[in-house]
Protein chains: 2
Amino acid sequence: MAIDFHSSIKTLNLKVTPKRLAILDILASEMAYVSPEEVWRKMKERFGKIGLPTVYRNLEDLAQGDLIIKIIHPDRKLYYYFCHNSENGHHHHFICLTCRKVEDLDFCGLEEIKKEVEGHLKGSIVSHLIQVYGLCRGCKQ
Amino acid sequence: MAIDFHSSIKTLNLKVTPKRLAILDILASEMAYVSPEEVWRKMKERFGKIGLPTVYRNLEDLAQGDLIIKIIHPDRKLYYYFCHNSENGHHHHFICLTCRKVEDLDFCGLEEIKKEVEGHLKGSIVSHLIQVYGLCRGCKQ
DNA sequence: AGCTAAATGAAAATTGTTTCTAATTATAAA
DNA sequence: TTTATAATTAGAAACAATTTTCATTTAGCT
């Protein structure tokens, strides 16, 4: 089943513009994470001219849902990734440092962390960041 | 038992300079995470004049060990924190978004993640980032 | 079709961080 | 204790990534 970009955008209370559709399309066509500037380059191929701020703004807006996720690389630069199985519920990612491929991790230890934070520390969790970096099967050798 | 900054620095194969000792001292005196620029301000109080690059370099160098840890805030700015119980072995942190306090989490799900990455995905882990953000006990109300 | 709020373009500013070179300093060896 | 040398620092400047501003355009309702 193909993903309905149109309604994905609407779900986020955003207007459906050609640029936003194109950004989703570009990200969805990659199995790897990409930088805002890379998205910008691909957008220029399609639209001739487009401002970099527009790309930044839209990536940020679209990353409010589960479809597009932000990846914080060890180099602390920002990347984005189209999450093809975002309907699989909450999960995290294994990120290949060589080929930039992203793979799903089923495991999320948040339940246990939550127990510890709410129980022992008496705090409340607002968000969490769990990302695992390494070499994928293909890049290992 | 007080922490021996002198040998902490040596362990990292770094020279023991007044600036490095001061940075450790400044960070250790805080229960919260601080930005490079905040460290810089405090360093200027002590040394009159000191370059911001020196602070950046030293924070980065000192964060190679377990004593000083880097915190990636949701705002993607970089912060540093003196890890008072770094001898407790590998662990992660609960980070209060309001008062910047940092608390230890005993739990690290890495073992299970490792099983999944090495077993199912046939990849290898290079590093991982697990940080939990929220409101601490005091800031909750 | 017309209205209104949201989205965009363009240029510039901002922010955080790093690079460079020369001068200084900590450390190990003599 | 002095010397040698390799690491550290200052200072200025460069740099890159991201964001702001504001005027113009466009999407989505009525």
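Lettering of chains follows the sequences in order, A, B, ..., and the numbering in each one begins at 1. For the numbers below, each heavy atom of this structure counts, side chains included, while hydrogens, waters and symmetry mates do not.
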[atom1] of [X] versus [atom2] of [N]: gap in Å, rounded?
X        : N       : atom1 : atom2 : value
Lys49(B) : dT24(C) : NZ    : P     : 15 Å
Trp40(A) : dA10(C) : CH2   : C1'   : 12 Å
Asn13(B) : dA28(C) : CG    : P     : 11 Å
Lys15(B) : dT25(C) : NZ    : C1'   : 7 Å
Lys10(A) : dA7(C)  : NZ    : P     : 13 Å
Glu38(B) : dT17(C) : CD    : P     : 12 Å

Give the ring-plane orientation class for Phe107(A) versus Phe107(B), where under 30° counts as parallel, over 60° as perpendicular and anything between as tilted.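 Rings of Phe107(A) and Phe107(B): tilted, 30 to 60°.
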Classify the angle between the aromatic ring planes of Tyr81(B) and His93(B) as parallel (below 30°), tilted (30 to 60°) or perpendicular (above 60°). perpendicular
When you check the phosphate oxygens OP1 and OP2 of dT8(C), does a side-chain N or O of Asn58(A) lie under 4.0 Å from one of them?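 For dT8(C), OP1 or OP2 has a side-chain N or O of Asn58(A) closer than 4.0 Å.
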Ignoring backbone atoms, test whether Lys19(A) places a side-chain nitrogen or oxygen under 4.0 Å from the OP1 or OP2 oxygen of dG9(C). yes
Polar contact flag, side-chain donor to acceptor under 3.5 angstrom, [X]-[Y]:
X         : Y        : result
Tyr33(A)  : His73(A) : yes
Asp104(B) : Asn85(B) : yes
Arg57(B)  : Thr54(B) : yes

Under 4.0 Å, counting only non-hydrogen atoms across every strand here, what does Ile50(B) touch: a base, just sugar-phosphate, or nothing?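 Sugar-phosphate contact only - Ile50(B) comes under 4.0 Å of backbone atoms but never of a base.
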Just checking Leu78(B): base, sugar-phosphate only, or nothing, at a heavy-atom cut-off of under 4.0 Å? sugar-phosphate
Leu14(B) or Tyr56(B): which one's nearest nucleotide on DNA chain C is closer to the 5' end? Tyr56(B)
Which residue lies more 5' along DNA chain C, comparing Asp61(A) with Arg57(B) via nearest heavy atoms: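 The residue closer to the strand's 5' end, by nearest nucleotide, is Asp61(A).
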So does Glu60(B) pair up with Lys70(B), basic N to acidic O under 4.0 Å? yes
Going 5' to 3' along DNA chain D, between which two nucleotides do contacts with chain A fall, using a heavy-atom cut-off of 4.0 Å? dA17(D) to dG28(D)
Assuming nearest nucleotide by heavy-atom distance, tell me which of Pro36(A) and Phe47(B) is located more 5' along DNA chain D. Phe47(B)
Assuming nearest nucleotide by heavy-atom distance, tell me which of Arg76(A) and Pro53(B) is located more 5' along DNA chain D.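 Its nucleotide being nearer the 5' end, the pick is Pro53(B).
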Residue pairs passing the side-chain hydrogen bond (donor to acceptor under 3.5 Å, both in side chains) test with at least one member in residues 5-15 of chain B, sequence neighbours excluded, are Asp4(B)-Ser7(B)
Find out whether the Lys NZ or Arg CZ of Lys42(A) is both under 6.0 angstrom from the six-membered ring centre of Trp40(A) and within 45° of the ring's axis. no
Under the criterion side-chain contact (heavy atoms from CB on, under 4.5 Å), I'd like the reasoning laid out for His128(A) against Ile113(A): C-alpha separation, chi angles, the key distance, then a yes or no. CA-CA 10 Å; His128(A) 65 292; Ile113(A) 292 171; over 6 Å; no
Report the end-to-end axis angle of the helix from dA1(C)-dT30(D) to dA30(C)-dT1(D); each axis comes from five terminal pairs, and the value is rounded to 10°.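 Here the local axes at opposite ends form an angle of 50°.
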